Number of protein chains: 2
Amino acid sequence: MKHESFNESIEMYLKTVSELAAGNDLAPISALAERLGVSTVSATEMVHRLCEKGLLDHTPYKGVSLTEDGRRRAQRVIRRHRLWECFLVDYLNLPWEKVHDYACRLEHATDTAVTEALAAFLNNPQTCPHGNPIPSADGAVTAVRDTALSDLQPGDHGTITRIHPESELLLDYLAARHILPGQPLEFEELAPFNGPLMIKIDGETHALGQEIAAHIFTEPAHDTL
Amino acid sequence: MKHESFNESIEMYLKTVSELAAGNDLAPISALAERLGVSTVSATEMVHRLCEKGLLDHTPYKGVSLTEDGRRRAQRVIRRHRLWECFLVDYLNLPWEKVHDYACRLEHATDTAVTEALAAFLNNPQTCPHGNPIPSADGAVTAVRDTALSDLQPGDHGTITRIHPESELLLDYLAARHILPGQPLEFEELAPFNGPLMIKIDGETHALGQEIAAHIFTEPAHDTL
DNA sequence: TTAAGGTTTTAGGTAAGCCTTAAAATAAAC
DNA sequence: GTTTATTTTAAGGCTTACCTAAAACCTTAA
Ligand SMILES: [Mn+2]
Ligand SMILES: [Mn+2]
Ligand SMILES: [Mn+2]
Ligand SMILES: [Mn+2]
């Protein structure tokens with residue numbers, strides 16, 4: 001047991017950088033540390049180690065980004081994660097809001113052969129149950145061009161496409177309110193002073209904070225009524 | 001990431017003790033160390049830690065055994081392991097001789113909720129693809145009373161029931177020769193001086209060493225020809 | 001009963017990933 | 001340009017799980 005399997009930390013760092021550095025911006029180490037629940041000092045240390053391994057690039061005082069190697073590695077983990085989510089929801093009937101956490105452990109213990117056999121078994125799904133695209137086996141990512149709810153204007157109509165980044169707390173909150181991918185919504189009004197967004201979904205109006213709204217992505221409604 | 005998930009070591013120690021201490025004998029630390037691929041010093045250290053946690057009992061110079069707590073914990077891991085093996089073989093069509101290793105990683109990353117949902121999905125199978133019984137959710141183990149091939153006499157007929165303990169090397173060897181559970185066999189003769197057992201399976205005669213024979217379990221043929 | 005062989009302990013290390021507290025460097029904002 | 005906030009370094013520690021080498025200790029069988 002040489003426990004190389006303890007790349008769990010490494011994989012979580014890479015995955016998190018990939019989530020935070022959407023677009024081409026750098027992910028600040030402080031944000032990394034926060035999401036991973038470690039001190040910024042620890043995160044800085046780990047970032048150094050990962051730079052030495054050629055998985056990250058670090059621009060001091062700015063943030064980190066994935067190298068090509070790191071990106072590939074992160075995509076592989078994300079692929080495994082989202083495939084497991086599909087399996088857990090579609091075949092094991094586990095709750096939509098719980099499978100993210102279950103998959104977050106399985107993703108580090110899954111051989112490539114298992115991953116690809118699972119993908120075939122599932123018929124190569126394109127998105128996870130939360131709407132996020134599943135990278136292909138070669139690490140290619142489908143570009144998404146949906147809009148964060150926080151970027152919409154009052155009066156806009158749309159359909160929820162995905163929740164990103166995911167976390168159990170957030171998914172619990174949304175599941176309890178039936179705020180799920182596929183649901184049409186209407187942005188009724190924006191409370192002043194960075195207040196909540198009043199969003200009508202399924203007949204109910206919800207007050208969603210800015211932070212939550214940034215995690216909900218939408219596409220414009222095809223048929224605006 | 002407090003990495004409690006690094007109970008992988010603990011779980012592997014418990015599982016291995018459970019395998020080695022079949023019956024009521026004690027598992028020598030040296031045997032533990034050997035199977036786990038660590039030095040005896042390391043194994044001794046770990047045994048001390050596990051005794052403190054109340055998972056093992058250690059009789060110095062004799063060996064270790066599981067406490068009731070340790071036994072339950074080991075059975076849970078074994079249950080997860082064997083359920084995954086069933087899934088990997090039956091649904092993902094992965095090779096019989098490879099799934100043991102794949103499952104050996106998944107077993108440490110599987111939540112109880114996932115385990116039980118998987119068991120239900122699989123229709124609560126009773127044995128793994130290698131013939132070993134799957135402990136029930138409450139930790140109960142089905143007693144097996146089959147006979148190791150190494151305990152048979154020349155002339156005996158039987159059917160292979162299971163391979164135990166499993167290891168990839170052994171399973172590879174057996175799979176290549178179609179020596180699989182369910183196969184009827186005949187013990188033709190025993191070479192002298194602890195020599196190999198000549199075993200006829202599926203028309204072919206194989207010379208199996210004593211060590212391998214101890215891993216192959218059989219039940220007497222119902223209809224002896 | 002003594003020597004051999006297996007088992008355990010002791011002593012001294014390594015590496016990964018975490019921690020805290022404190023000081024220094026830098027960027028950003030005023 | 002100075003202040004303030006963020007980021008990085010430095011320093012010292014901790015835990016788990018591994019390692020080798022050497023000494024000490026049991027058990028057993030000749
Ligand atoms: Mn994870
Ligand atoms: Mn998801
Ligand atoms: Mn294992
Ligand atoms: Mn098996």
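Nothing here was measured: the structure is a model prediction, and the numbers come from that model. Chain A is the first sequence line, chain B the second, and so forth, proteins listed ahead of strands; every chain is numbered from 1.
Sorted by first then second residue, the side-chain hydrogen bond (donor to acceptor under 3.5 Å, both in side chains) pairs that include residues 67-79 of chain B, not counting sequence neighbours, are Glu68(B)-Arg71(B), Asp69(B)-Arg72(B), Arg79(B)-Glu116(B). Pairs engaging residues 141-152 of chain B under the side-chain hydrogen bond (donor to acceptor under 3.5 Å, both in side chains) rule: Asp146(B)-Thr161(B), Asp146(B)-Arg162(B) [sequence neighbours left out].
Rounded to whole Å, atom P of dT16(D) lies 13 Å from atom CG of Leu55(B). Leu50(A) places its CG atom 11 Å from the C1' atom of dG17(C), with the value rounded to the nearest Å. As rounded to whole Å, 14 Å separates atom P of dA17(D) from atom CG of Leu32(B). Glu11(A) places its CD atom 15 Å from the C1' atom of dG17(C), with the value rounded to the nearest Å. Atom P of nucleotide dA16(C) and atom CG of Asn7(A) are separated by 13 Å, given to the nearest angstrom. Straight-line distance from the CD1 atom of Ile10(B) to the P atom of dC18(D): 10 Å, rounded to whole Å.
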Show me the protein contacts with nucleotides 8-10 of chain C, counting only N or O atoms at under 3.5 Å.
residue : atom : partner  : partner atom : Å
dT8(C)  : OP1  : His58(B) : NE2          : 2.9
dT8(C)  : OP1  : Tyr61(B) : N            : 2.7
dT9(C)  : OP2  : His48(B) : NE2          : 2.7

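Distances shorter than 4.0 Å separate some side-chain N or O of Tyr13(B) from OP1 or OP2 on dC18(D). Within the structure, a side-chain polar atom (N or O) of Arg49(B) is placed less than 4.0 Å from OP1 or OP2 of dA17(D). For dG17(C), neither phosphate oxygen OP1 nor OP2 lies less than 4.0 angstrom from any side-chain nitrogen or oxygen of Ser42(A).
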Under 3.5 Å donor-acceptor pairs involving side-chain atoms of residues 35-42 of chain A, not counting sequence neighbours:
residue  : atom : partner  : partner atom : Å
Arg35(A) : NH1  : Glu19(A) : OE1          : 2.6
Ser39(A) : OG   : Ser42(A) : N            : 3.1
Ser39(A) : OG   : Ser42(A) : OG           : 3.0

Under 3.5 Å, which donor-acceptor pairs link side chains of residues 53-63 of chain B to any protein atom two or more places apart or in another chain?
none

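Every residue meeting the side chain to side chain donor-acceptor pair (under 3.5 Å) condition with Arg80(A), not counting sequence neighbours, appears here in chain and number order: Glu11(A).
Using a 3.5 Å distance cut-off with no hydrogens or angles, the side chains of His81(A) and Glu85(A) do pair a donor with an acceptor.
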